[in-house]
Amino acid sequence: MMRQFKENCKTRVLRHIVRIDRYYTIFLGCVVLCIIVGMLQFSQKSITLPQKQHIQQYRVQSLYPHTQDLAVNLLEQPEPIHQYQYFKFLRVLHFEQQRIRFQKEDES
């Protein structure tokens, strides 16, 4: 009798744990989905004035040619510049800065 009672308790507890895990998984899925939707909306937002001025600075310089080309293309496009394009610009700038720094280190 006592052994059967313990087994019944264990199976009930396991059922509740499975339900809790299921709800937890659904909750985490909703959180991840909300984050993805938020990031997509943010990436479609237009850039701010200081960010546009930052791009305009690199349009006239000649030290970073790939960054200069990208800046010219971004500023000449008819539609507004989006955040994801600005981050792409920053990635190209960072890559060129690293390349030039490594070239200077190799020469010295």
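Source: prediction; values computed, not measured.
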Side chains of [X] and [Y], heavy atoms from C-beta outward: is any pair under 4.5 Å?
X     : Y      : answer
Asn73 : Gln77  : no
Gln98 : Phe102 : yes
Ile26 : Arg22  : yes
Lys45 : His82  : no
Ile47 : Ile55  : yes

(message) Under a plain distance cut-off of 3.5 Å, with no hydrogens placed, do Gln56 and Arg59 share a side-chain donor-acceptor pair?
(response) no

(message) What I want to check is whether the side chains of Thr67 and Glu96 have a donor and an acceptor closer together than 3.5 Å.
(response) yes

(request) Can you sort out the partners of Gln97 under side-chain hydrogen bond (donor to acceptor under 3.5 Å, both in side chains), two or more places apart, ordered by chain and number? (result) none

(message) Is it true that, when you exclude Phe95 itself, more than 12 heavy atoms of the residues, nucleotides or ligands shown sit nearer than 6.0 Å to its CZ?
(response) no

(message) If you compare all heavy atoms of Ile81 against all heavy atoms of Tyr86, which two are closest, and at what distance to 0.1 Å?
(response) CG2-N, 4.5 Å

(message) Quick check: closest heavy atoms across Ile100 and Leu63, and the distance to 0.1 Å?
(response) CD1-O, 3.6 Å

Find out if a path of hydrophobic residues (ILVMFWY) with successive side-chain heavy-atom gaps under 4.5 Å connects [X] to [Y].
X     : Y     : result
Val72 : Val92 : no
Tyr84 : Ile36 : no
Phe87 : Leu74 : yes

(request) Measure up the Tyr58 and His54 rings against each other and bin them: parallel (under 30°), tilted (30 to 60°), perpendicular (over 60°). (result) perpendicular

(request) Please round to the nearest 0.5 Å and tell me the distance separating atom OG1 of Thr48 and atom NZ of Lys52. (result) 11.0 Å

(request) Mind checking the CD-CG spacing from Gln85 to Leu70? Nearest 0.5 Å is all I need. (result) 8.5 Å

(request) Indicate yes or no for a side-chain donor-acceptor contact from Gln68 to the backbone of Gln61 under 3.5 Å, with no hydrogens or angles considered. (result) yes

